[in-house]
Number of protein chains: 2
Amino acid sequence: MRSYEQYCSLAKALDVVGDRWTLLIVRELLSRGTCRYTDLQRGLPGIATNLLAERLRHLEEHGIVTKSKAPPPVATTVFRLTPRGEELQSVVFALGRWGLPLLPRQPSGEVFQSHWFALPLRRVLGERTIAGPPTTLEVRTGDEPITITSSASGVEVHVGEAHAPDAVLTGTPALVMELLLGVSTLDGVRAQGLVIEGSEDAIVGFLPTSDAASAAPRPLVATDPRR
Amino acid sequence: MRSYEQYCSLAKALDVVGDRWTLLIVRELLSRGTCRYTDLQRGLPGIATNLLAERLRHLEEHGIVTKSKAPPPVATTVFRLTPRGEELQSVVFALGRWGLPLLPRQPSGEVFQSHWFALPLRRVLGERTIAGPPTTLEVRTGDEPITITSSASGVEVHVGEAHAPDAVLTGTPALVMELLLGVSTLDGVRAQGLVIEGSEDAIVGFLPTSDAASAAPRPLVATDPRR
DNA sequence: CGGCATCCTCTTTGATACTG
DNA sequence: CAGTATCAAAGAGGATGCCG
């Protein structure tokens, strides 16, 4: 991308990460951690392979991504974010937060991959402390299930099947998020089509306390006037 | 811009504001408030006029910008952000914060316009409460002077000459910012070339208290390894 | 002048094919 | 698996012209 040539940190940031696809590559690496080239390709449907290669080279040159050889058993090249790259989390979250009202209540036409949803889930649940014994939820909302586990060390969110989940949630990502944020009740989201199997108590353990829920600032997935 | 067609709020946000120049247009409107077309053109050196028109139309369609006729004395069309557009402030600040280490210590080759600097100044000073009588500083660091005033109602930052400033600071934006953030002392920035005229006490009134200064998280304008 | 629209050239992107 | 090569289509940049 041609530089804006402005003495302005916003312009400088856009000089580096303002190109098409670039921030989505960062999202992939934030969500998945270490990635192979083909992982990135699958997580970025529609990207041309030459563009992915070119963007990765550019990000590496700017100290945002590192490329390395994985040890012998796998013996492939892997990409990951540098600390400087991880600092882009604030940017990705700010943009993602702003874009929420643009999401329709359910995927329609768009591709949807579960690991995209894992990132905001991790953000929402990551700082929550869950009382009681270790608990596991499985969320089935996209191409792959998501496993949410609580233990003494905190809440973790992973893409993949849970081994012996205490409860399973099946439905749209919007409903799952509304439930976990506390903006809707268990009965509320069930009435809207979320299927809940297993222990309701296990789910309730993950929900915010009522005073924390009231801190939710705006409607999460709003009706966008332009859709 | 072609849509990414992903059910992901980051991708949706980039569908709307990911185009080249778009976030810089938002920066202009955040910094200046109401703008005429030619104000925007001057604040975005290098933009093609058809692109500016196209982006403004796009932003208006998406409810980020409103176009209106100014009342008779001026009788021109003006652009401003909608509330939804103002919410992009978090995005602009996150990107601007991330981009800070990419700024060299002084403009060299890049265009520099004072009102770009007024935005982060406002962010830094806006929440500060200044004790004592109303005070005015003038900062001369770019094409236009910046006036910083403190009064009972808070701190305000405007582009333009101060009427009777208590002190005048002349030098690079980095030095001014380091002083106001408290990461450098008055004597420190003077040693690096910042020229200070008038009442030092007036300036000291704007500086953070020492405990607040220690909260500054990282070097502000770092030496970028790639420059 | 202020606010664009048009035209043309050049660069970037997208789609596909191919390679160590 | 991890890219490079090629080429058509879309977008950006620059100059100019038009209209109130």
Side-chain angles (χ1 to χ4, degrees), chain A residues 1-6 11 14-25 28-29 32 34-62 65-80 110-111, chain B residues 1-6 11 14-26 28-29 32-62 65-80 110-111:
Chain A
M1 178 188 265
R2 173 97 91 85
S3 167
Y4 289 111
E5 302 286 357
Q6 297 184 2
L14 292 173
D15 281 347
V16 176
V17 299
D19 273 320
R20 188 159 164 79
W21 292 108
T22 301
L23 281 177
L24 293 185
I25 294 173
E28 286 300 299
L29 291 165
R32 297 221 224 222
T34 299
C35 284
R36 291 171 302 177
Y37 188 88
T38 41
D39 296 332
L40 291 170
Q41 247 181 332
R42 262 191 291 273
L44 300 163
I47 195 173
T49 174
N50 58 344
L51 270 193
L52 177 54
E54 201 257 310
R55 294 293 186 265
L56 285 170
R57 195 181 317 122
H58 182 251
L59 288 170
E60 205 187 342
E61 275 173 21
H62 284 79
V65 160
T66 50
K67 179 162 74 167
S68 56
K69 293 255 171 251
V74 273
T76 179
T77 50
V78 292
F79 299 87
R80 84 178 47 122
E110 303 99 341
V111 186
Chain B
M1 176 189 266
R2 170 102 89 82
S3 168
Y4 290 110
E5 302 285 0
Q6 296 183 4
L14 292 172
D15 280 348
V16 175
V17 299
D19 273 320
R20 190 162 164 76
W21 293 109
T22 303
L23 281 177
L24 293 186
I25 295 173
V26 172
E28 286 301 301
L29 292 165
R32 295 221 225 221
T34 300
C35 286
R36 291 171 302 176
Y37 189 87
T38 41
D39 296 332
L40 291 169
Q41 248 182 332
R42 263 190 289 274
L44 299 163
I47 196 171
T49 172
N50 57 345
L51 269 193
L52 178 55
E54 201 254 310
R55 293 292 187 267
L56 284 170
R57 196 181 316 124
H58 181 251
L59 287 170
E60 203 187 344
E61 276 173 21
H62 284 79
V65 161
T66 48
K67 179 162 74 168
S68 55
K69 294 255 171 250
V74 273
T76 178
T77 49
V78 292
F79 299 87
R80 82 176 51 117
E110 303 98 338
V111 186

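Sequence lines set the chain letters: A, B, ... in the order given, protein chains first and strands last, and positions in each chain run from 1.
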For A/Asp15, side chain to side chain donor-acceptor pair (under 3.5 Å) partners two or more places apart: A/Ser3
Using the test side chain to side chain donor-acceptor pair (under 3.5 Å), find all partners of B/Thr34 that sit at least two apart in sequence or belong to another chain. B/Arg80
Contact between [X] and [Y] at the side-chain level, heavy atoms closer than 4.5 Å - yes or no?
| X | Y | answer |
| --- | --- | --- |
| A/Thr66 | A/Glu60 | no |
| A/Lys67 | A/Leu56 | no |
| A/Gln6 | B/Leu24 | yes |

Note the angle between the end axes of the helix from C/dC1-D/dG20 to C/dG20-D/dC1, five pairs defining each, rounded to 10 degrees.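 The value is 30°.
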Heavy atoms only: give me the nearest B/Val17-B/Leu23 pair and the separation to one decimal. O-CG, 3.8 Å
Could you list where the contact with chain B starts and ends along DNA chain C, reading 5' to 3', using a 4.0 Å heavy-atom cut-off?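 Result: C/dG2 to C/dA15.
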With a 4.0 Å heavy-atom cut-off, tell me which residues in residues 41-56 of chain B come close to DNA chain C, sorted by residue number.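 B/Thr49, B/Asn50, B/Ala53, in order of number.
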Which residues pass the side-chain contact (heavy atoms from CB on, under 4.5 Å) test with B/Val111, sequence neighbours left out?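 So B/Val111 forms a side-chain contact (heavy atoms from CB on, under 4.5 Å) with B/Pro45, B/Gln113, B/Trp116.
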Looking at residues at least two apart in the chain, or sitting in another chain, which of them share a side-chain contact (heavy atoms from CB on, under 4.5 Å) with A/Glu54?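 Partners of A/Glu54 by the side-chain contact (heavy atoms from CB on, under 4.5 Å) criterion, ordered by chain and then number, come out as A/Leu51, A/Arg57, A/His58.
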Only counting residues at least two apart or in another chain, list the ones meeting ring pair (Phe, Tyr, Trp, His ring centres under 6.0 Å) with A/Phe79. none
State which residues pass ring pair (Phe, Tyr, Trp, His ring centres under 6.0 Å) with A/Tyr37; sequence neighbours excluded, sorted by chain then number.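 Ring pair (Phe, Tyr, Trp, His ring centres under 6.0 Å) list for A/Tyr37, sorted by chain: empty.
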Can you work out whether A/Arg57 or A/Arg2 has the more 5'-proximal nearest nucleotide on DNA chain D?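 Result of the comparison: A/Arg57.
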Salt bridge (Lys or Arg N to Asp or Glu O under 4.0 Å): pairs with one or both residues in residues 34-46 of chain B, sequence neighbours excluded: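 Of all non-adjacent pairs touching residues 34-46 of chain B, those that pass salt bridge (Lys or Arg N to Asp or Glu O under 4.0 Å) are B/Arg36-B/Asp39, B/Asp39-B/Arg42.
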Just to be sure I understand the rule, does B/Lys67 reach a base, reach only the sugar-phosphate, or reach nothing, if contact means heavy atoms closer than 4.0 Å?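 Answer is sugar-phosphate: B/Lys67 comes under 4.0 Å of backbone atoms only.
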Need two values: the first and the last nucleotide of DNA chain D, 5' to 3', having an atom under 4.0 Å from any heavy-atom of chain A.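 The contacted stretch runs from D/dC1 to D/dG14.
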Under 3.5 Å donor-acceptor, B/Arg20 side chain and A/Arg20 backbone: no
For A/Arg32, the salt bridge (charged side-chain N to carboxylate O under 4.0 Å, His left out) test, sequence neighbours excluded, returns A/Glu28
